[in-house]
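Okay, so here's the structure we're looking at.
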Amino acid sequence: MAAISREILKRRGILRSPVMATIGARSMASWFGHVEPAAKDPILGVTEAFLADPSPDKVNVGVGAYRDDNGKPVVLECVREAERRIAGNLNMEYLPMGGSIKMIEESLKLAYGEDSDLIKEKRIAAVQALSGTGACRLFADFQKRFLPDTQIYIPIPTWANHHNIWRDACVPQRTFRYYHPETRGLDFASMMDDIKNAPNGSFFLLHACAHNPTGVDPSEEQWREISYQFKVKNHFPFFDMAYQGFASGDPNRDAKAIQIFLEDGHLIGCAQSYAKNMGLYGQRVGCLSILCEDELQAVAVKSQLQQLARPMYSNPPIHGALVVSIILGDPELKSLWLKEVKGMADRIIGMRKALREKLEKLGSPLSWEHITNQIGMFCYSGMTPEQVDRLTDEFHIYMTRNGRISMAGVTTGNVGYLANAIHEVTKAS
């Protein structure tokens, strides 16, 4: 029948005629002809420009990944040992939709406490996620599906991808004030006003520690006031905890905000990532957890999180989950990890002190106290986009135009050069 149909079309002069070829070409072209190139990611664009610069003096303080004091990527020794144990000994079968049970168990102990009653009572619904980004997106989709009339309050500023995640999940966004440009610190009064003025029962995105991009965190007492006001307003806190252990060098200290909210009886959500604190950037391993009223509710919530994951990526990757579960599940390896993560945090804290001291010795008319007051990977320098452009054009120093410095890219070898360049572009301010 197909051959007969083709013969009829040939006789009629339709098959493969110039007219049909033109129509076909137009039809195919019209499918995607309207698609415009996407805007470049501001952070990835910085790295591209850095790599293209032939200058031997170039410095990249834009990338959010840890580097050693020689500016080289680091693989932790605890990770190397975990991989040695994995190699040739474990299979690579599919994980369940919810991911590695062992990795989840260890992640919950890290976030909620080693002896948490909440874990014992099985009140936490948790699944393995594609690092912190995947955990946030999974929660955003859960929020949209089961609480479609809610919105999310996001701090200004925040990690740019937070806006993309909740936007693409079609969750309405509002913002709350967080950073005070004049003091380079927390705008606590305005933050509290926005929390009080938000409709009762609102969802808030909170950075558990080492706020990105500012490095500005509330004090313990301020966290307690925030928690109290959330209780009064019946708000739901969703914590993005991308830097546990990496901020101060102490995972328990970095989870203090979460512990305060738990002590006050909140139900919470939490996104965990092992990109920064274990250096597993490319493994995309993390955990999403939601604290529920009871075990029955937790079972239901977890089942729905798994259903959301199924059409998205079916099930999560296994290798990073094995690495994390082996490290956290072995007392000796966990002890080594705690030592190594403290070493990373201490190096960054040391570079903060060095950069501030060098700027002050240069006689800068500005206060640089905020460099050491802030914490974590990033320093929100307060430099203007124009000053950042001068750093790039005149000194081959690369960072995002909001003035965010990745302290992981600062080394003993380049901190003097960086300080001199910053002084040159800011001394007239």
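- Within a 6.0 Å radius of NZ in K342, other residues, nucleotides and ligands contribute 12 heavy atoms or fewer.
- For the atom pair M407 CE and S381 OG, the distance stands at 10.5 Å (nearest 0.5 Å).
- Other residues, nucleotides and ligands place no more than 12 heavy atoms under 6.0 Å from the CZ atom of R310.
- Within a 6.0 Å sphere centred on CZ of R253, other residues, nucleotides and ligands contribute 12 heavy atoms or fewer.
- Between the side chains of S289 and Q272, not a single donor N or O lies within less than 3.5 Å of an accepting N or O.
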Audit row: K102, E106, salt bridge (charged side-chain N to carboxylate O under 4.0 Å, His left out) steps and yes/no: CA-CA 6 Å; K102 178 66 174 173; E106 296 298 337; 3.0 Å; yes

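- Looking at N414, its side chain never comes within 3.5 Å of a backbone N or O of V410 through a donor-acceptor pair.
- Using cut-offs of 30° and 60° for the angle between ring planes, the F142 and F139 rings count as tilted.
- In this structure the side chain of W368 reaches within 4.5 angstrom of the side chain of I422, judged on heavy atoms.
- Between N373 and R184, the side chains place no donor N or O within less than 3.5 Å of an acceptor N or O (distance only, hydrogens not considered).
- Residues A247 and D254 approach most closely at N-OD2, 3.3 Å, considering heavy atoms.
- In this structure, a donor-acceptor pair under 3.5 Å is absent between the side chains of D53 and S55.
- N277 contributes a side-chain N or O that, together with a main-chain N or O of Q244, makes up a donor-acceptor pair within less than 3.5 Å.
- Closest non-hydrogen pair, Q128 versus P317, comes out as NE2-O, 2.9 Å.
- Between the side chain of K231 and the main chain of G265, a donor-acceptor pair closer than 3.5 Å is present.
- Judged by distance alone, with hydrogens and angles left aside, the side-chain atoms of D346 form no donor-acceptor pair with the main-chain N or O of G249 at under 3.5 Å.
- Ion pairing of R145 with D141 is absent here, as no side-chain N (NZ or NE/NH1/NH2) approaches a carboxylate O to less than 4.0 Å.
- Aromatic ring pairs are classed by plane angle as parallel below 30°, tilted from 30° to 60° and perpendicular above 60°; the pair F261 and H266 is tilted.
- Residues T214 and Y178 have side chains that never bring a donor and an acceptor to within less than 3.5 angstrom of each other.
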Derivation and outcome, salt bridge (charged side-chain N to carboxylate O under 4.0 Å, His left out), residues R224 and E263: CA-CA 10 Å; R224 294 191 184 281; E263 289 167 10; 3.6 Å; yes

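- Judged purely by atom type and a 3.5 angstrom limit, R284 has no side-chain atom pairing as donor or acceptor with the backbone of T133.
- Heavy-atom contacts from other residues, nucleotides or ligands closer than 6.0 Å to CD of E332 number 12 or fewer.
- Within a 6.0 Å sphere centred on OH of Y228, heavy atoms belonging to other residues, nucleotides or ligands number 12 at most.
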Test side-chain contact (heavy atoms from CB on, under 4.5 Å) applied to K109 and L328, step by step: CA-CA 10 Å; K109 286 190 284 186; L328 295 181; over 6 Å; no

Worked verdict on Q374 versus H211 for side chain to side chain donor-acceptor pair (under 3.5 Å): CA-CA 9 Å; Q374 296 169 6; H211 180 275; over 6 Å; no

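- Checked by atom type and distance alone, the side chain of Q229 never pairs as donor or acceptor with a backbone atom of I195 at under 3.5 Å.
- At distances below 3.5 Å, not a single donor-acceptor pair connects side-chain atoms of N161 with backbone N or O atoms of N164.
- Salt bridge status for E295 with K302: absent, with no side-chain N to carboxylate O gap under 4.0 Å.
- Within the 3.5 Å criterion, the main-chain N or O of S364 finds no donor-acceptor partner in the side chain of K427.
- In summary, E340 and R80 do not engage in a salt bridge, as defined by a charged side-chain N under 4.0 Å from a carboxylate O.
- Across all their heavy atoms, Y112 and S116 have their closest contact at O-CB, 3.5 Å.
- Of the candidates D187, D193, D194, D194 is the only one forming a side chain to side chain donor-acceptor pair (under 3.5 Å) with R177.
- The CZ atom of R347 sits 5.0 Å away from atom CG of D69, with the distance rounded to the nearest 0.5 Å.
- With hydrogens and angles disregarded, no donor-acceptor distance shorter than 3.5 Å links the side chain of S406 to the backbone of G64.
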Derivation of the side chain to side chain donor-acceptor pair (under 3.5 Å) call for Q387 and T426: CA-CA 7 Å; Q387 289 169 337; T426 59; 5.7 Å; no

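- Distance check, rounded to the nearest 0.5 Å: CG of L288 to OG of S273 gives 12.5 Å.
- No more than 12 heavy-atom neighbours from other residues, nucleotides or ligands sit within 6.0 angstrom of CG on L296.
- Between E357 and K361 no salt bridge is recorded (no basic side-chain N to carboxylate O distance below 4.0 Å).
- A cation-pi arrangement is absent between K58 and Y398 under the rule of less than 6.0 angstrom and at most 45 degrees off the ring axis.
- Here the rule is ring pair (Phe, Tyr, Trp, His ring centres under 6.0 Å) with F204, and of F238, F239, F230 only F230 fits it.
- Atoms CD1 and CD, on I327 and E83 in that order, are 8.5 Å from each other to the nearest 0.5 Å.
- If you take CD1 on I124 and SG on C270, they are separated by 9.5 Å, rounding to the nearest 0.5 Å.
- More than 12 heavy atoms of other residues, nucleotides or ligands sit less than 6.0 Å from atom CD1 of I156.
- Within 6.0 Å of the NZ atom in K122, the count of heavy atoms belonging to other residues, nucleotides or ligands does not exceed 12.
- Between the T175 side chain and the P155 main chain, no donor and acceptor come within less than 3.5 Å of each other.
- In this structure, the separation between OG on S100 and CG on N315 is 12.0 Å, given to the nearest 0.5 Å.
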